[in-house]
Amino acid sequence: MEVPMSLNHSPETQSKLIARVPDITGRALPEWFQAIDNGPSFLRCDERANWLADEHGLTHGYAAAIVHEHERQRRHHL
């Protein structure tokens with residue numbers, strides 16, 4: 001049984017992961033946010049991160065960081 005990875009990185013780890021996303025993935029954050037918005041409407045962040053990782057070949061660490069940042073920015077703009 002796979003233990004689910006926490007979506008809660010430390011703020012420092014989150015910042016480092018987000019800063020590396022364009023270099024590691026070849027896509028900017030707005031493109032990933034659009035992929036999340038256009039993807040399946042999962043209710044839980046971990047489901048979105050798993051989908052992003054599986055669908056786009058990301059590591060779960062980067063997928064979780066992108067989903068967390070997407071949520072943070074969405075809350076900030078509401």
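Nothing here was measured: the structure is a model prediction, and the numbers come from that model.
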**Request:** Mind running side chain to side chain contact (heavy atoms under 4.5 Å, CB included) on His68 and Ile18 for me, showing each step along the way?
**Result:** CA-CA 10 Å; His68 180 76; Ile18 289 302; over 6 Å; no
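- Atom CZ of residue Arg75 and atom CD of residue Gln73 lie 10.5 Å apart, to the nearest 0.5 angstrom.
- Under the salt bridge (charged side-chain N to carboxylate O under 4.0 Å, His left out) criterion, the residue pairs touching residues 59-70 are Glu69-Arg72, with sequence neighbours excluded.
- For Arg20, the side chain to side chain donor-acceptor pair (under 3.5 Å) criterion is met by no residue, not counting sequence neighbours.
- When the side chain to side chain donor-acceptor pair (under 3.5 Å) test is applied to Gln34, no partner is found at least two apart in sequence or on another chain.
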Between side-chain atoms of residues 21-29 and protein atoms elsewhere (two or more places apart, or another chain), which donor-acceptor pairs fall under 3.5 Å?
{"unit_1": "Thr25", "atom_1": "OG1", "unit_2": "Val21", "atom_2": "O", "d": "2.6"}
{"unit_1": "Thr25", "atom_1": "OG1", "unit_2": "Arg27", "atom_2": "N", "d": "3.2"}
{"unit_1": "Thr25", "atom_1": "OG1", "unit_2": "Arg27", "atom_2": "O", "d": "3.1"}
{"unit_1": "Thr25", "atom_1": "OG1", "unit_2": "Trp32", "atom_2": "NE1", "d": "3.0"}

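- Checked against side-chain contact (heavy atoms from CB on, under 4.5 Å), Pro11 has no partners two or more places apart in sequence or in another chain.
- Looking at every heavy atom in both residues, Pro40 comes nearest to Trp51 through CD-CE2, 3.3 Å.
- Under the rule for a side-chain contact (heavy atoms from CB on, under 4.5 Å), the partners of Thr13 that lie at least two apart in sequence or sit in another chain are His9, Ser10, Leu17.
- Put simply, the residue from Glu71, Arg48, Glu31, Arg74 that forms a side-chain contact (heavy atoms from CB on, under 4.5 Å) with Ile36 is Arg48.
- Heavy atoms only, all atoms of each residue included: His56 and Ala35 are closest at NE2-CB, 4.2 Å.
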